[in-house]
Asker: 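Structure in structure tokens, see below.
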Amino acid sequence: MNKILILLFCSLIFACSQGDEFDFKGGNKIYVASGDSTTFSFAVKPQEYIVHEIKVPIRVTGVATSADRIVTVELDKERTLYAKEGTPENGGHFTIEECVLQKDSVNSVIVIKLYRDHIKSTLKELGKENEDMTVGINIVPTGDFLGEMGEDELCFIVTFNDRLTIPSNWNSLKTYFGEPSLVKYQFIIDVLGISEFPTTGDNKYEAGELYYFQDELRVALVKYNNEHKDKPLTDENGNRVTF
């Protein structure tokens, strides 16, 4: 009786392993291995920060191969809004890099480069200063990769802008930075290289750190105004910037 049970158990394990191997090798289904979208704003970066890379992780089911494989990615024109493909020299706002799935791997990334140069001017020309640009991409199933995971797993949307907005927790920062303004906030980002100043939670800044930032900003402001004596730093409301 025990021998029979052992034989049945071994047969079951063998059958399952064979079935799993078949399904695994029969895969090669490609899909985006993250959410279906992301957002980014250049406005929270220093002015000299002009190129940003969005890395979209992708994955393939099945086993890796011994040769590199090209992943075909196309622009989704219906989901691309206001943004022109190309480098800044050609008036463009983004480029999509060639995507290669390296040999012996089932993971890769699609790299979308965003360019800051013409975002504001383009949206202003279109009368859309308060809107965002979007870039939509689709992975195209080919002989190497199946698209059977579903269309939603093959697309990705990037929303981006260069429009600054005042942090929602500014009231808790007034002691250190004073009254809010967009010009002041941009100056803070340019000087400190920081755009978020949480005052609660695990990553919060303590009062001593914020006072240190205040001192840095005061020194930088004096230097700026000395270099621009005829035009000291003034915000969008016509008020002199102070800390």
Asker: Quick test of your reading: applying ring pair (Phe, Tyr, Trp, His ring centres under 6.0 Å), list the pairs with at least one residue in residues 214-242, sequence neighbours left out, ordered by first then second residue.
Answerer: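 Checked against ring pair (Phe, Tyr, Trp, His ring centres under 6.0 Å) - neighbours excluded - the pairs reaching residues 214-242 are Y224-H228.
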Asker: Could you tell me which residues satisfy ring-ring contact (aromatic ring centres under 6.0 Å, His included) with Y176, sequence neighbours excluded, listed by chain and number?
Answerer: Y211
Asker: What distance separates D76 CG from C155 SG, expressed to the nearest 0.5 Å?
Answerer: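 The distance works out to 7.5 Å.
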Asker: Using side-chain hydrogen bond (donor to acceptor under 3.5 Å, both in side chains), reason through Y31 and T61 one step at a time and then give a plain yes or no.
Answerer: CA-CA 9 Å; Y31 62 100; T61 63; over 6 Å; no
Asker: Does any N or O in the side chain of D36 come within less than 3.5 Å of the main-chain N or O of F156, such that one atom is a donor and the other an acceptor?
Answerer: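 No, the answer is negative, given that no donor and acceptor are paired below the 3.5 Å cut-off.
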Asker: Sub-3.5 Å donor-acceptor pair from the side chain of N138 to the main-chain atoms of V140, do we have one?
Answerer: no
Asker: In terms of heavy-atom contacts, does CG of N226 have more than 12 from other residues, nucleotides or ligands at under 6.0 Å?
Answerer: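 Correct, the count exceeds 12.
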Asker: Should F94 and F160 be marked as a ring-ring contact (aromatic ring centres under 6.0 Å, His included) after you check the CA-CA gap, both sets of side-chain angles, and the distance that decides it?
Answerer: CA-CA 10 Å; F94 70 94; F160 64 104; 7.2 Å; no
Asker: If Ile, Leu, Val, Met, Phe, Trp and Tyr residues are connected whenever their side-chain heavy atoms lie under 4.5 Å apart, and connections chain through other members, are Y115 and V158 in the same group?
Answerer: no
Asker: side-chain contact (heavy atoms from CB on, under 4.5 Å) with N239: which residues, sequence neighbours excluded?
Answerer: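 N239 satisfies side-chain contact (heavy atoms from CB on, under 4.5 Å) with D235, N237 once adjacent residues are dropped.
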Asker: Other than I70, what residues sit in its cluster of Ile, Leu, Val, Met, Phe, Trp and Tyr side chains whose heavy atoms are under 4.5 Å apart, directly or through others?
Answerer: V100
Asker: Aromatic rings Y49 and F40: how do their planes relate, parallel, tilted or perpendicular, breaks at 30° and 60°?
Answerer: tilted
Asker: Which pairs count as salt bridge (Lys or Arg N to Asp or Glu O under 4.0 Å) when at least one residue sits in residues 80-91, sequence neighbours excluded?
Answerer: none
Asker: For E236, give me all partners under side-chain contact (heavy atoms from CB on, under 4.5 Å), at least two apart in sequence or on another chain.
Answerer: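 Residues passing side-chain contact (heavy atoms from CB on, under 4.5 Å) with E236: S181, L182, V183.
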Asker: In sequence, state the C-alpha distance, the side-chain angles, and the governing distance for I139 and I110, and then conclude on side chain to side chain contact (heavy atoms under 4.5 Å, CB included).
Answerer: CA-CA 9 Å; I139 301 173; I110 300 169; 4.0 Å; yes
Asker: Give the minimum heavy-atom separation between V106 and L101, together with the two atoms involved.
Answerer: C-CD1, 3.7 Å
Asker: With L173, which residues qualify under side-chain contact (heavy atoms from CB on, under 4.5 Å), at least two apart?
Answerer: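 Applying side-chain contact (heavy atoms from CB on, under 4.5 Å) to L173 gives N169, W170, F177, F197, T199, L210.
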Asker: Working to the nearest 0.5 Å, report the span between CD1 of I188 and CD of Q214.
Answerer: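 Between atom CD1 of I188 and atom CD of Q214 there are 10.0 Å.
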Asker: Test of understanding: with side chain to side chain donor-acceptor pair (under 3.5 Å), list the residues that count as partners of N107, not counting sequence neighbours.
Answerer: R59
Asker: How is the hydrophobic cluster of V222 composed, in terms of its other members, when Ile, Leu, Val, Met, Phe, Trp and Tyr link through side-chain heavy atoms under 4.5 Å apart, directly or indirectly?
Answerer: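 Traced through the cluster, V222 reaches no other member.
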Asker: Would you indicate whether E151, at its atom CD, is surrounded by more than 12 heavy atoms from other residues, nucleotides or ligands within a distance under 6.0 Å?
Answerer: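 Count not over threshold, so no.
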Asker: Starting at OH of Y212, measure out to CG of L217 and round the result to the nearest 0.5 Å.
Answerer: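 Between atom OH of Y212 and atom CG of L217 there are 10.5 Å.
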Asker: Would you say I50 ends up clustered with I112 if hydrophobic residues are merged whenever their side chains have heavy atoms under 4.5 Å apart, either directly or through other cluster members?
Answerer: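 No: no chain of side-chain contacts under 4.5 Å links I112 to I50.
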Asker: Starting at CD1 of I157, measure out to CD1 of I54 and round the result to the nearest 0.5 Å.
Answerer: 13.0 Å
Asker: OG/S195 to CD1/I189 distance, rounded to the nearest 0.5 angstrom?
Answerer: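 If I round to the nearest 0.5 Å, the distance is 5.5 Å.
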Asker: Once you round to the nearest 0.5 Å, how far does CD1 of I137 lie from CD1 of I96?
Answerer: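 Output value for this atom pair is 6.0 Å.
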Asker: Just jot down the salt bridge (charged side-chain N to carboxylate O under 4.0 Å, His left out) partners of D162, sequence neighbours excluded, or say none.
Answerer: R116
Asker: Looking at side-chain heavy atoms only, is the closest gap between V73 and V56 below 4.5 Å?
Answerer: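 No, side chains not in contact.
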Asker: Side chains of residues 122-135: which donor-acceptor partners sit under 3.5 Å, not counting sequence neighbours?
Answerer:
from : atom 1 : to   : atom 2 : distance (Å)
T122 : OG1    : H93  : NE2    : 2.9
T122 : OG1    : H118 : O      : 2.7
E131 : OE1    : Y82  : OH     : 2.9
D132 : OD1    : N161 : ND2    : 2.9
D132 : OD1    : R163 : NH1    : 3.1
D132 : OD1    : R163 : NH2    : 3.0
T134 : OG1    : R79  : O      : 2.9
T134 : OG1    : L81  : N      : 2.9

Asker: Return the set of residues passing salt bridge (charged side-chain N to carboxylate O under 4.0 Å, His left out) with E179 (not counting sequence neighbours), or none when no residue passes.
Answerer: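 Partners of E179 under the salt bridge (charged side-chain N to carboxylate O under 4.0 Å, His left out) test: K174.
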Asker: Counting only heavy atoms not in E78, do more than 12 sit closer than 6.0 Å to its CD atom?
Answerer: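 Atom CD in E78 is not packed in, count stays at 12 or less.
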